[in-house]
Amino acid sequence: MQIDPLGNWRRTHYTTQIKPELDGTEVIIFGWIKEIRELGGIRFLIIQDREGNVQVTVPRKKVNKQVLEKSEALQTQYSVGVKGTVKKTTMTPRGVEIIPNEIRIISTAQHPLPLDPTGKTSAEIDVRLDARVLDLSREENIALFKIEHATLNALREFLTEKGFIEIHTPRIIATATEGGAALFPVNYFEQQAYLAQSPQLYKEQLTLSFEKVFEIGPFFRAEESHTKRHLSEFISIDIEQAFVNEEDVMHLLEELIFHVCQTVKEKCEKELTVLKHQVEVPKLPFKRFTYDEILKELAKEDVEVQWGEDIPTPAYRALGKLHPYFYFITHWPAKAKPFYIKLRDNNPALTEGFDLMWHWTEIASGGTRVHDKEVLVRRLQEQGLNPESFKYHLKVFDYGIPPHAGWAVGFERLVMMLTGVENIREVVLFPRDRSRLTP
RNA sequence: GCCUUGGUAGUAUAGUCCGGUCUAGUAUAAGCGGCUGUCGCCCGCUGGACCCGGGUUCAAAUCCCGGCCAAGGCGCCA
């Protein structure tokens, strides 16, 4: 197969910009052959680019020899450039087609492809992830990741508007930041290091200088999880703010969720249609339930949870049926929250920590933090952690650390909510989980 | 890590319970041919598969054992 050079051809229009008003105009489009419908005397080519697709019509007896030969050599997934004349027509759904004057085959594809290029036969997630780049070229996936892009923009726009400064904390760390989740070890020259599980301690420290900070970035958990909502590498949206408490950051969080839902609903109408999904803009304020209230509700559903323990997944599923929307769970017991979460002044058995739930999935978690060094040391010990391992963190508390609060949102889980996708691996370009390290 | 289910052409599936006309069916993708208005085009033809190893049996895709792989659930965790 002779490959044509790109040469001096440059795209004049995306496929979606080909409109009936351009009737008679010569255009150059680039894209991939998604379908070929051959009717003998006439051949229809569906060319897809990242914006959509358009039909190129090749009437055998009316086109030149070059076009005829090239169109006969085409196979699905070939990358092509088409220079042609836009023709207004009533015979396509879009009301336009392109009659080619010249076709360049820029890149070929080896058949059989690992996935059905037309998408008529859908493949399983494992097969799709093995051929991920090809999978990502499906219009559903392009739509999905455009929504992710819009979500990220909306997040940054909102937090920046609220006066937060974007930061980047280290991914390579010396010790476990907060206990809890397992870490991936890394060889750091002659030292043992780990991949960060969260920016928690760093972002808290930075409230001393920048007061209001946020970070959007990947973190790593070496957990054995095998579920539709866990990854070994995931994106966390973290904020931390000085001189505020739990209530303030919960308010900020619900406003952020509202803003993101509204923005995506407005700006991604086309993408949501492709995904056959609707974003519901939630009503403010979100409902708030205390841990005790949740336990009582669960008891009514015959789901018993030992007071002080975390809520097990089946119990969350039951909760999701009772509350199919966003809601906060507050007043968590001290035992169920990490050492840096502040205990309530009037009842030290409870914390000023909260979770944001969407149906049965935990979307975010946060709270007021401990900013008293002595309390922090005591809390570390109570949770079986060695204060010596946290000496660099604790030192910062001698420099005038302000009272502060913050939260972290699981970005992929937020995107799942926005797109209606049920497997977290679908919303990650190249997901990492317990058994997947490639591609 | 534990539990459950599964592994059949490139993809998705039927067949597996109850072993034998299974020479393994179908759809889609691919190749060839036909067709001038398709839009999941249509029609005809062609090629393409039982995860690996062992066992039981006259006979194994099918039953048994071991392994590998996957999906999902649980725990962990966000």
Side-chain angles (χ1 to χ4, degrees), chain A residues 33-48 53-63 72 75-77 87 89-97 99 109-131 134-135 138 178-183 197-200 218-238 309-317 336-338 353 355-358 360-366 407-414 416 422-425 433-436:
Chain A
I33 303 287
K34 282 297 155 179
E35 271 178 81
I36 301 168
R37 282 190 286 272
E38 166 73 65
L39 274 75
I42 193 164
R43 178 179 287 128
F44 303 103
L45 310 172
I46 307 300
I47 315 281
Q48 183 191 297
N53 61 61
V54 73
Q55 175 172 297
V56 171
T57 305
V58 187
R60 178 174 291 188
K61 287 177 183 164
K62 293 180 189 165
V63 295
E72 274 167 3
Q75 293 186 358
T76 49
Q77 200 53 35
K87 190 179 156 200
T89 173
T90 53
M91 286 184 273
T92 67
R94 284 257 307 282
V96 273
E97 61 188 356
I99 309 297
Q110 289 302 312
H111 285 87
L113 295 163
L115 302 170
D116 178 352
T118 65
K120 288 173 198 163
T121 311
S122 58
E124 285 177 7
I125 186 79
D126 191 46
V127 175
R128 287 174 42 203
L129 292 176
D130 279 342
L134 188 59
D135 182 49
R138 293 163 46 230
E178 49 181 294
L183 302 178
Q197 61 171 197
S198 127
Q200 185 62 35
F219 290 98
F220 307 88
R221 304 276 167 97
E223 301 294 341
E224 299 283 359
S225 306
H226 186 205
T227 79
K228 292 198 285 183
R229 59 193 187 287
H230 289 92
L231 294 164
S232 303
E233 177 176 357
F234 69 103
I235 308 284
S236 181
I237 308 151
D238 270 87
E309 297 299 319
D310 218 329
I311 296 168
T313 309
Y316 273 126
R317 287 181 191 268
K337 285 290 168 189
D355 282 0
L356 174 65
M357 305 298 301
W358 185 73
W360 64 277
T361 306
E362 186 186 331
I363 295 277
S365 153
W407 41 250
V409 173
F411 177 66
E412 289 87 355
R413 290 184 181 181
L414 181 66
M416 286 166 79
E422 287 182 352
N423 189 329
I424 198 162
R425 281 168 280 193
D433 61 34
R434 179 64 186 89
S435 52
R436 181 172 289 278

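Naming convention: chains lettered A, B, ... in sequence-line order (proteins, then strands); numbering from 1 in each chain.
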Nucleic acid footprint by protein, nucleotides 69-75 of chain B - heavy-atom cut-off 4.0 Å, B for base, S for sugar-phosphate alone: -SBBBBB
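- Comparing B/rA24 with B/rA29, their P atoms sit 23 Å apart, to the nearest whole Å.
- Both distances falling under 3.5 Å, in either a Watson-Crick or a G-U wobble arrangement, place B/rC63 opposite B/rG55.
- Looking at heavy atoms from C-beta onward, A/Phe411 lies out of side-chain contact with A/Val409 at the 4.5 angstrom threshold.
- Non-hydrogen atoms lying under 4.0 Å from RNA chain B are contributed by A/Gln55, A/Lys61, all within residues 54-62 of chain A.
- Taking the C1' atoms as reference points, B/rG1 lies 36 Å from B/rA14, given to the whole Å.
- The shortest distance between side-chain heavy atoms of A/Leu113 and A/Gln77 falls below 4.5 Å.
- Taking the salt bridge (charged side-chain N to carboxylate O under 4.0 Å, His left out) definition, one finds that A/Asp126 meets it with A/Arg436, sequence neighbours left out.
- Between A/Arg221 and the phosphate of B/rA78, there is a side-chain N or O to OP1/OP2 separation shorter than 4.0 Å.
- Looking at heavy-atom distances under 4.0 Å, A/Phe219 makes no contact with the nucleic acid at all.
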So which protein nitrogen or oxygen atoms get under 3.5 Å of nucleotides 40-43 of chain B's nitrogens or oxygens?
residue	atom	partner	partner atom	Å
B/rC41	OP1	A/Glu35	OE1	3.1
B/rC41	OP1	A/Lys120	NZ	3.3
B/rC41	OP2	A/Glu35	OE1	2.5
B/rC41	OP2	A/Arg37	NH1	2.1
B/rC41	N4	A/Glu38	O	2.5

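- Across all strands, A/Ser122 comes closer than 4.0 Å only to sugar-phosphate atoms, never to a base (heavy-atom distances).
- When side chains are defined from C-beta on, A/Tyr316 counts as touching A/Met357, because their heavy atoms get closer than 4.5 Å.
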Provide a list of protein-nucleic acid N or O atom pairs under 3.5 angstrom, restricted to nucleotides 66-68 of chain B.
none

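- Legend: residues meeting salt bridge (charged side-chain N to carboxylate O under 4.0 Å, His left out) with A/Arg138, ordered by chain and number and at least two apart, are A/Asp135, A/Glu140.
- Of the side-chain N and O atoms in A/Ser236, none sit less than 4.0 angstrom from OP1 or OP2 of B/rA78.
- Across the strands present, B/rU23 finds no partner; the criterion is a Watson-Crick or G-U wobble pair with both atom distances under 3.5 angstrom.
- Here the separation of B/rG48 from B/rG54, taken at their P atoms, is 26 Å to the nearest Å.
- A/Arg229 has its side chain within reach of A/Arg413: a pair of non-hydrogen atoms, C-beta onward, lies under 4.5 Å apart.
- For the C1' atoms, the distance from B/rC17 to B/rC64 is 15 Å, rounded to whole Å.
- In summary, the side chains of A/His226 and A/Ser435 do not present any donor paired with an acceptor at a separation below 3.5 Å, with no hydrogens or angles considered.
- In terms of position along RNA chain B, the nucleotide closest to A/Leu113 lies nearer the 5' end than the nucleotide closest to the other residue of the pair A/Leu113 and A/Ser365.
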Working for salt bridge (Lys or Arg N to Asp or Glu O under 4.0 Å), residues A/Asp355 and A/Lys337: CA-CA 10 Å; A/Asp355 282 0; A/Lys337 285 290 168 189; 2.7 Å; yes
From CA spacing to verdict: side chain to side chain donor-acceptor pair (under 3.5 Å), A/Glu223, A/His230: CA-CA 9 Å; A/Glu223 301 294 341; A/His230 289 92; over 6 Å; no
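- B/rG37 and B/rU26 have their C1' atoms separated by 30 Å, given to the nearest Å.
- Taking for each of A/Thr89 and A/Pro114 the nucleotide of RNA chain B with the nearest heavy atom, the 5'-most of the two is the partner of A/Pro114.
- One P atom belongs to B/rC39, the other to B/rG19, and the distance between them is 47 Å to the nearest Å.
- The side chain of A/Gln75 places an N or O atom within less than 4.0 Å of a non-bridging phosphate oxygen (OP1 or OP2) of B/rG31.
- Rounded to whole Å, the P atom of B/rA60 lies 11 Å from the corresponding atom of B/rG20.
- Nucleotides B/rC22 and B/rA49 place their C1' atoms 13 Å apart, quoted to the nearest Å.
- Under 3.5 Å, the side chains of A/Gln55 and A/Thr92 contain no donor-acceptor pair of N or O atoms.
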